[in-house]
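This report refers to the structure that appears directly beneath it.
Residue numbers count from 1 along this sequence.
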Amino acid sequence: MILDAAETRKRFLLRMAGVRDGKAYIGPEIVHLHMTTRCNLSCAYCSYHPPGYKIGPDRPMDFSLPLFLRLIDEAVKLRSNAVYLSGEGEPTMHPHFREMISALEKAPIETTLFTNATYDPRLSEELVKADRLIVNLSAANAKSYLEMQGRDFFERVLENLRILVHLRDTQKPGLRVEISFISNRKNAGELQELQSLGKRLGVCAVNDIRMLPTPYSGELGLDVDQEQESVRPRTAFPLCFNGWFYFVVSVDGKVSLCCSIDRMVKADFRKSSLVEIWNSKEFQAMRAGGTRGVFHQVFPECRNCFADGRNRSVARNLGILPVYG
């Protein structure tokens, strides 16, 4: 459900006031749920299912349906704008995916779904219950797709994208259908080709995202020339405002302000509600650390932060960006 502009603006101002005052007047803009560890691909750049490595438990882990519904209810109580559904895997493989996406369609909160779009095309009618769909397609042709993502699903992904765009155009004009392109050393030259393909398919955007290096895929990191060609290089901004805008909940119970740094984990949703965790002294201390620049001194992962643009925007709105450049 898309929030109206007035309510969205009100919530934004409360979060900005919280940054200014060092308090949390309202919950995060985004509650990100890693709802399953199931996956049918082995993407070369993946942090969870890279080829040749076994990460995490031997058996798949999933949110139970009652737990998922509890988390959605708590996100609404926190006055969060959006729920992000992804996983340490593929969310459409969750055994209760249909029930989950149907519950979110009725909830007063926006839904963004991340998917590899390899699902049975008949599931497309369920996916368009979300408000925004982001399809991981990090290759512009079938040969590169097989190398990048481990299985030969390229044509199925294109078919599902065509179906989603058709359903958007005929049933839900406000739906955003986007492609996520994970730039790395092997596919950096394919971005323009994929952008052209995306335009032909009718998607709303092709998002170019720098691959986060991991112990299993570090050799795929972009070299300097590729960074110049593929993504605009960025100098890490020293302050982090995730503590007012973002909350990630993993299927094993961990709750954090960052989806990339396990060492920042501070709570377990099986022991406390999301509301209690968000308002806890521990999370308040993490907010303070972010605004003092502590994270950037301690965690090298901050160099590739996905929230860098938002951090700069917040700092610009508060009039502190010129201090840092």
Side-chain angles (χ1 to χ4, degrees), residues 8 11-20 22 24-34 45 47 75 78 80-88 110 112-114 132 134 136 176 178 180-183 205 207-214 221-222 227 231-250 254-267 274 277-278 283-321 323-325:
T8 299
R11 295 182 184 188
F12 172 74
L13 292 175
L14 284 170
R15 293 185 183 104
M16 292 296 291
V19 176
R20 180 196 63 203
Y25 295 122
I26 189 174
E29 179 182 30
I30 297 163
V31 173
H32 193 156
L33 302 182
H34 288 287
Y45 45 79
S47 301
L78 281 166
S80 295
N81 294 33
V83 168
Y84 281 11
L85 297 183
S86 64
E88 299 171 13
E110 297 177 14
T112 292
L113 173 66
F114 294 81
R132 183 185 180 203
I134 301 180
N136 175 13
R176 288 193 61 83
E178 305 174 18
S180 178
F181 178 83
I182 312 300
S183 298
N207 305 311
D208 183 16
I209 300 172
R210 186 194 310 246
M211 185 198 82
L212 285 177
T214 71
L222 296 168
E227 285 191 346
V231 290
R232 180 173 59 85
R234 57 175 179 245
T235 302
F237 186 67
L239 305 185
C240 175
F241 304 113
N242 261 18
W244 287 268
F245 290 88
Y246 185 80
F247 208 29
V248 59
V249 183
S250 296
K254 297 175 182 176
V255 182
S256 178
L257 299 179
C258 181
C259 64
S260 303
I261 306 175
D262 288 341
R263 289 165 290 167
M264 284 177 61
V265 170
K266 290 290 183 179
L274 295 187
I277 293 170
W278 181 255
F283 269 67
Q284 182 57 30
M286 292 181 73
R287 291 183 189 100
T291 57
R292 293 198 306 267
V294 172
F295 298 159
H296 280 258
Q297 298 172 21
V298 176
F299 302 120
E301 295 93 332
C302 290
R303 175 181 176 273
N304 296 297
C305 180
F306 289 134
D308 186 74
R310 182 178 64 224
N311 288 335
R312 291 176 182 274
S313 176
V314 170
R316 191 174 295 110
N317 273 282
L318 292 174
I320 60 177
L321 184 62
V323 176
Y324 297 98

Heavy atoms only: give me the nearest [X]-[Y] pair and the separation to one decimal.
{"X": "Q284", "Y": "G22", "result": "NE2-O, 2.5 Å"}
{"X": "A75", "Y": "V83", "result": "CB-CG2, 4.4 Å"}
{"X": "F295", "Y": "C302", "result": "O-SG, 3.7 Å"}
{"X": "A24", "Y": "R287", "result": "CB-CZ, 3.8 Å"}

Could you state the interatomic distance from [atom1] ([X]) to [atom2] ([Y]), rounded to the nearest 0.5 Å?
{"X": "T291", "Y": "L239", "atom1": "OG1", "atom2": "CG", "answer": "7.0 Å"}
{"X": "Y84", "Y": "I134", "atom1": "OH", "atom2": "CD1", "answer": "6.0 Å"}
{"X": "M286", "Y": "C240", "atom1": "CE", "atom2": "SG", "answer": "8.5 Å"}

Residues which pass ring-ring contact (aromatic ring centres under 6.0 Å, His included) with F247, listed by chain and number, not counting sequence neighbours: W278, F283
Please list, chain by chain and in numerical order, all residues satisfying ring-ring contact (aromatic ring centres under 6.0 Å, His included) with Y246, sequence neighbours excluded. H32
Any non-hydrogen side-chain atom of Y45 less than 4.5 Å from a side-chain atom of N136? yes
Taking only residues two or more places apart in sequence or in another chain, which ones pass side-chain contact (heavy atoms from CB on, under 4.5 Å) with S250? H34, E88, D252, K254
Residues in side-chain contact (heavy atoms from CB on, under 4.5 Å) with V294, at least two apart? R292, V298
Short question: side chain of [X], backbone of [Y] - any donor-acceptor pair under 3.5 Å?
{"X": "N242", "Y": "L257", "answer": "yes"}
{"X": "R15", "Y": "G27", "answer": "yes"}
{"X": "E110", "Y": "S80", "answer": "no"}

Under the salt bridge (charged side-chain N to carboxylate O under 4.0 Å, His left out) test, residues paired with R20 that sit two or more places apart: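 Not a single residue meets the salt bridge (charged side-chain N to carboxylate O under 4.0 Å, His left out) criterion with R20.
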List the residues meeting salt bridge (charged side-chain N to carboxylate O under 4.0 Å, His left out) with R11, not counting sequence neighbours, and say none if there are none.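 R11 satisfies salt bridge (charged side-chain N to carboxylate O under 4.0 Å, His left out) with E7 once adjacent residues are dropped.
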Go through it in stages, so that I can follow the logic: the residues are F237 and R310, the test is side chain to side chain contact (heavy atoms under 4.5 Å, CB included), and I'd like the CA-CA distance, side-chain angles, deciding distance and then a yes or no. CA-CA 10 Å; F237 186 67; R310 182 178 64 224; over 6 Å; no
Start with the C-alpha gap between L85 and L33, add the side-chain angles, then the distance that decides, and say whether side chain to side chain contact (heavy atoms under 4.5 Å, CB included) holds. CA-CA 5 Å; L85 297 183; L33 302 182; 4.2 Å; yes
With M16, the side-chain contact (heavy atoms from CB on, under 4.5 Å) member among F241, Y25, F245: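 Answer to the side-chain contact (heavy atoms from CB on, under 4.5 Å) test with M16 among F241, Y25, F245: F245.
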